Amino acid sequence: MIVLYFSLLVLPVVAAWLQDLPPRKWQDDLSSGIAMCAFAGILAEFVLSGRFRVISSHLGIDTTMRVHQLMARALTVVVLIHPMLYVTRGPAYPMPWDTTRQLSLDFSLIAVLTGLVAWVALLALVLSGIFRNKQGGSYEAWRASHGLGAAIVALFGTLHTLEAGRYSEHPFLRWFWLAMLTVALLALVWIYLLKPLWQTRHPYAVRSVRKIGDRTWELAIAPVRGDALAFDAGQFVWLNVGHSPFSLHENPFSIASAPSTRDQLSFVIKEVGDFTRSLGDLTPGTPAFVDGPHGNMTLGGRAAAGIALYAGGVGIAPILSILRELRARGDRRPLVLLFGNRVRDQIVYPDELDAMTRDLDLKITHFLSEPPAGWTGETGMVDASALNKVFDGRNAGQWLHVICGPLPMIEMIEAALLDRGVPDGQILSERFYYD
Ligand SMILES: Cc1cc2nc3c(=O)[nH]c(=O)nc-3n(C[C@H](O)[C@H](O)[C@H](O)COP(=O)(O)OP(=O)(O)OC[C@H]3O[C@@H](n4cnc5c(N)ncnc54)[C@H](O)[C@@H]3O)c2cc1C
């Protein structure tokens, strides 16, 4: 994927170089070259938006979103400096003797205006992503503005490239930019139109909602017809409850039920904001829609002598799905679950977890950072010393490690595992947050 991605970025520069046009000042060609690379990358950002399973189920949602964000920021810096690098100046009209545009830049109104609109829109788009949490307003409004802003950047950026670009006059590059623009816009059509359309034909309805812990709910939805979607334990969906699938009201939640339970999907949801705080008001029968499954925090195809699961708070949701599936399959491998919470009330499904220790070769250790009097489990956070106890005399490197919870917990466990010589590929994690 990395090779394909970077090949796409350098392709327009190679195509420009092969045209063998008369040389210009090096600053001008540098400016054109980096702008072409950056704009190809910006158009590729549309498919890195986390909504394409072919990408996010390979890379995982955390990596996909990190690449999306970091590349967007880096490419924007390049685009911002692009107009400042040019040293050649020229009249606002083409000079008849300068057919290869070696001596002048195109300063026609359309070339300048399209570039300016794309340049400003791109800067606004990236800044609004970086400072989203400080802006107030709903996530849905931000998402709508992000999609619209991205479409403006793609359209005006392509117009500018075709109008002002010296090398883009070549038919190959014209087709290249038009194809990239088409893919970018189709990505939006897919996300905002085709997927919702598909969802209207595969509706779900709320089956039950119940409080299962401190500010934590279990929500179960059932397909109106047929079976629930097929997924691997550990994956998540974008869930829309009580709104039209064409609205932007959807949130990512890990599926907590086992894939073998095909009559419903269940979720463990913590109250955080607008939607999650309104779960108690939901009534059975409320329409629901899902987009998924997404994510790669799954056991599928990974060999392991044993499986260590680390959950922080509501991070237990995908881990429950994994445990439930292992139990349904009668897996005999050794398993450990280190489950950290702040207070005892946050421990969900204590009886079911207890029953799992009898049906599976599973050892569960609970950690509470604010333990009540008489607490017999561990106190504090899941940390390196906890790992030392679990893996005393065992080869952690041959186990698979699945971590889901707050970022500091994930980082601490990952660092401790790497210190113990666990290969990177044996560690899977998801952090429920990608800002
Ligand atoms: C892959 C993944 C799996 C998750 N699984 C679970 C789970 O099993 N249980 C659970 O309780 N929480 C889970 N979350 C977190 C959950 O999505 C948010 O807590 C929830 O969306 C908050 O919505 P809200 O309307 O209540 O709050 P809001 O105030 O609207 O949002 C609070 C924050 O949640 C995030 N968020 C909201 N909507 C979206 C969206 N459409 N896309 C991405 N992020 C969004 C944003 O960071 C936002 O700032 C998961 C998140 C991710 C990324």
Side-chain angles (χ1 to χ4, degrees), residues 49-53 55-57 59-66 68-69 128-147 191-192 195-196 209 211-221 231-243 245 247-257 265-282 289-298 311-324 341 346 348-349 402-407 410 428-435:
S49 61
R51 291 304 180 113
F52 292 90
R53 280 163 52 192
I55 294 174
S56 62
S57 60
L59 297 182
I61 191 71
D62 289 357
T63 308
T64 309
M65 295 315 292
R66 262 283 162 271
H68 178 73
Q69 293 164 339
S128 89
I130 295 174
F131 297 108
R132 186 181 65 72
N133 275 330
K134 301 199 172 61
Q135 284 166 40
S138 72
Y139 189 88
E140 290 71 32
W142 174 81
R143 222 186 122 199
S145 69
H146 198 67
I191 295 166
Y192 294 107
K195 271 197 186 192
V209 196
K211 196 161 187 186
I212 53 168
D214 176 39
R215 292 183 295 137
T216 309
W217 296 81
E218 177 200 75
L219 169 68
I221 60 168
F231 66 97
D232 287 328
Q235 289 193 294
F236 73 94
V237 292
W238 263 274
L239 175 68
N240 169 334
V241 185
H243 296 277
S247 75
L248 299 175
H249 288 91
E250 48 175 10
N251 303 63
F253 292 108
S254 298
I255 306 168
S257 44
L265 300 174
S266 78
F267 304 90
V268 177
I269 300 181
K270 170 104 182 271
E271 290 178 16
V272 176
D274 302 347
F275 170 64
T276 48
R277 283 201 201 110
S278 68
L279 282 170
D281 303 332
L282 285 180
F289 302 94
V290 295
D291 165 15
H294 292 270
N296 78 340
M297 202 176 65
T298 58
V314 76
I316 192 69
I319 284 175
L320 264 174
S321 177
I322 292 174
L323 281 171
R324 283 169 169 165
N341 281 289
Q346 286 173 331
V348 291
Y349 305 110
V402 185
I403 319 167
C404 190
L407 186 59
I410 295 180
L428 302 173
S429 66
E430 200 162 81
R431 63 192 181 112
F432 282 7
Y433 186 75
Y434 45 65
D435 288 325

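None of these values were measured; they are calculated from a predicted model. When a ligand or atom number is given, it counts from 1 through the structure's own listing order.
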Per-residue contact class, [X] against ligand 1 - non-hydrogen pairs under 4.0 Å:
X    : value
N133 : side chain
T276 : both
W238 : side chain
F432 : both
A317 : side chain
Y139 : side chain

*What's the verdict on side chain to side chain contact (heavy atoms under 4.5 Å, CB included) for L265 and F231, showing C-alpha distance, side-chain angles and the deciding distance?*
CA-CA 10 Å; L265 300 174; F231 66 97; 3.8 Å; yes
Keeping the roles fixed (side chain from [X], backbone from [Y]), state whether a donor-acceptor pair exists under 3.5 Å.
X    : Y    : value
N240 : S247 : no
S138 : A141 : yes
R431 : G405 : no
S57  : H294 : no

Does [X], backbone or side chain, put an N or O under 3.5 Å from an N or O of ligand 1?
X    : result
I61  : no
E250 : yes
P318 : no
R143 : no
K270 : yes
G273 : yes

Checklist line | Heavy-atom gap F267 to ligand 1 smaller than 4.0 Å | finding: no
Is R132 in contact with ligand 1, taking contact as a heavy-atom separation below 4.0 Å? yes
ask   = Between H146 and W142, what is the ring plane arrangement, given parallel below 30°, perpendicular above 60°, and tilted in between?
value = parallel
Relative to each other, are the rings of F253 and F267 parallel, tilted or perpendicular (30° and 60° limits)? perpendicular
Flag the pair [X] / [Y] as yes when at least one side-chain heavy-atom distance between them is below 4.5 Å, and no otherwise.
X    : Y    : value
T276 : K270 : no
L239 : I221 : yes
Y349 : I316 : no

Per-atom filter on ligand 1: closer than 4.0 angstrom to a heavy atom of F236 are 1 (C)
Of N251, L248, T216, V237, the one whose closest heavy atom lies nearest atom 21 (O) of ligand 1 is N251
